[in-house]
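Worth saying up front: this structure is predicted, and the values here are computed from it rather than measured.
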Amino acid sequence: MKKVLSVAIASLLMAGVCAPSFAQDRPADIISPIADQILPNKVSAADARKAGRVAYDKPTPENTIMLFIDQQVGLMASTRDFNQASGYKANVVALAEMAKALKIPVLITSSNAQWQNGDTLPELKEIFKDEPIYRRTGIINAYEDPSFRKALEDLVKKTGRTHIIISGVTLGTCVAFPTLAMLNDGYQVYPVVDASGAWSKYEADAAMQRMTAAGAQLETVYALGAELQADWKKPSADAMLKPFIDGLPEYGWILQNYWNNANKHTVPDPFGVVK
């Protein structure tokens, strides 16, 4: 038993867990007050642009609208830029759960769902039970479809939101075309590239370069989630944690492992090493 215990302690020492403390040689830690609020930038985005700088006009739960364009089972099945379709689907669902958690208005549209493109992803329909689906019958660019354009403009007028988060299939058409058109008309547009599928890596690369050159700000699901949440002390934290745990299992396992052992040990340590 002594030998087993010494090996365990040696392993912990090598990992730095039980390393000697040199706290007396360090200045005291400075802990930010939990009452601290998020600081805005010193300069507005408009003034930054006037000064010739790149503006950080970030998306927030208060200024964004989220679009899910043609996330349909037939189209999703045709994508080839993900190693596994499960990862792509998980990202779309996580993005939808984030919109729900943060109460971001959404618009959902499909293209020729009655034929080969198939219906909207069932999970999207379940998450947004109260949202209509705008069924386009031929117009490829959703922003060029009169019914969808009116729905977006009505929502912008009602809410004052002009920052548009967009995901869809495919990245080179269903995302890129409306992104370019909305940028032309003065919107800030944030394509979520890992919640959008493409027919090939060539298509994805070309679409991302084209959108970036036009002024779109590319996003990924979990970076966007962190940007939107901004402070884990905000009331939306619990609801926002779910898509991180469900859709990003590596992070979920870290959290679950920690809380399993935070104040009591789910699995007792027979060696008495873990305190």
Student check: side-chain heavy atoms of Leu152 and Met182 closer than 4.5 Å: yes
Trp253 side chain reached by Tyr258 side chain, heavy atoms, under 4.5 Å: no
Euclidean distance, Gln37 CD relative to Asp231 CG, rounded to 0.5 Å: 7.0 Å
Stepwise side-chain contact (heavy atoms from CB on, under 4.5 Å) test for Met66 and Thr64: CA-CA 7 Å; Met66 198 172 292; Thr64 57; 6.0 Å; no
Without placing hydrogens or testing angles, list every side-chain donor-acceptor pair under 3.5 Å for residues 94-102, not counting sequence neighbours.
residue	atom	partner	partner atom	Å
Glu97	OE2	Lys242	NZ	3.2
Lys100	NZ	Ile127	O	3.2

Step-by-step side-chain contact (heavy atoms from CB on, under 4.5 Å) determination, Val156 to Tyr187: CA-CA 10 Å; Val156 169; Tyr187 294 98; 3.8 Å; yes
Side-chain heavy-atom pair Thr162, Asn63 within 4.5 angstrom cut-off: no
Heavy-atom closest pair, residues Ser236 and Gln229: OG-OE1, 2.7 Å
Intermediate values then yes/no, salt bridge (charged side-chain N to carboxylate O under 4.0 Å, His left out), Lys125 and Glu131: CA-CA 8 Å; Lys125 296 173 73 174; Glu131 295 296 330; over 6 Å; no
Val93 reachable from Ile165 in the ILVMFWY side-chain graph, under 4.5 Å edges: yes
Side-chain ion pair, Asp154 and Lys150, N-O less than 4.0 Å: yes
Residue pair Phe148 / Leu67, side-chain heavy-atom distance below 4.5 Å: yes
Pair Lys89 + Glu123, salt bridge at N-O below 4.0 Å: yes
Co-membership, hydrophobic cluster, residues Val169 and Phe128, 4.5 Å side-chain: yes
OG on Ser167 to CG on Leu224, rounded to 0.5 Å: 10.0 Å
Cluster check Val193, Val92: I/L/V/M/F/W/Y, side chain < 4.5 angstrom: no
Inter-residue atom distance Glu227.CD - Thr220.OG1, 0.5 Å rounding: 9.5 Å
Residue pair Ala216 / Thr179: nearest heavy atoms and the distance that separates them: CB-CG2, 3.8 Å
Separation of Asp70 CG from Ile108 CD1 (nearest 0.5 Å): 11.5 Å
Nearest-0.5 Å distance that lies between atom OG in Ser110 and atom OH in Tyr134: 12.0 Å
Chi angles and distances behind the side chain to side chain donor-acceptor pair (under 3.5 Å) call for Asp194, Tyr88: CA-CA 7 Å; Asp194 61 344; Tyr88 168 34; over 6 Å; no
Tyr143 backbone acceptor or donor facing Arg149 side chain under 3.5 Å: yes
Ring centers of Trp232, Phe244 separated by less than 6.0 Å: yes
Closest heavy-atom pair and its distance - Asp145, Arg136: CB-CD, 3.6 Å
Stepwise salt bridge (charged side-chain N to carboxylate O under 4.0 Å, His left out) check, Asp57 with Arg49: CA-CA 10 Å; Asp57 193 1; Arg49 292 187 187 99; 3.7 Å; yes
Aromatic centroids of Tyr222 and Tyr251 separated by under 6.0 Å: no
Side chains of Leu180 and Arg210 in contact at under 4.5 Å (non-hydrogen atoms): yes
Nearest heavy atoms of Asp36 and Ser32, plus distance in Å: OD2-CB, 3.7 Å
Closest heavy-atom pair and its distance - Asn141, Ala181: ND2-CB, 4.1 Å
Same cluster (ILVMFWY, side-chain, under 4.5 Å), Leu255 and Val221: yes
Met211 side chain reached by Leu183 side chain, heavy atoms, under 4.5 Å: no
Heavy-atom closest contact (Glu203 atom, Gly172 atom, distance): OE2-N, 2.8 Å
Chi angles and distances behind the salt bridge (charged side-chain N to carboxylate O under 4.0 Å, His left out) call for Arg135, Asp119: CA-CA 10 Å; Arg135 304 288 194 182; Asp119 198 7; 2.8 Å; yes
Side-chain heavy-atom pair Ile166, Pro178 within 4.5 angstrom cut-off: yes
Flag, side chain of Asp47 to backbone of Val43, donor-acceptor distance under 3.5 Å: no
Counterpart residues, salt bridge (charged side-chain N to carboxylate O under 4.0 Å, His left out), relative to Lys201 (two or more places apart): Asp205
Distance-only polar pair, side chains of Gln71 and Thr120, donor-acceptor under 3.5 Å: no
More than 12 heavy atoms from other groups under 6.0 Å of CD1 on Ile140: no
Joint hydrophobic cluster, Leu241 plus Ile104, side-chain heavy atoms closer than 4.5 Å: yes
Interatomic distance, Tyr190 atom OH to Ile164 atom CD1 [nearest 0.5 angstrom]: 10.0 Å
Non-hydrogen side-chain atoms of Gln217 and Val189 separated by less than 4.5 Å: no
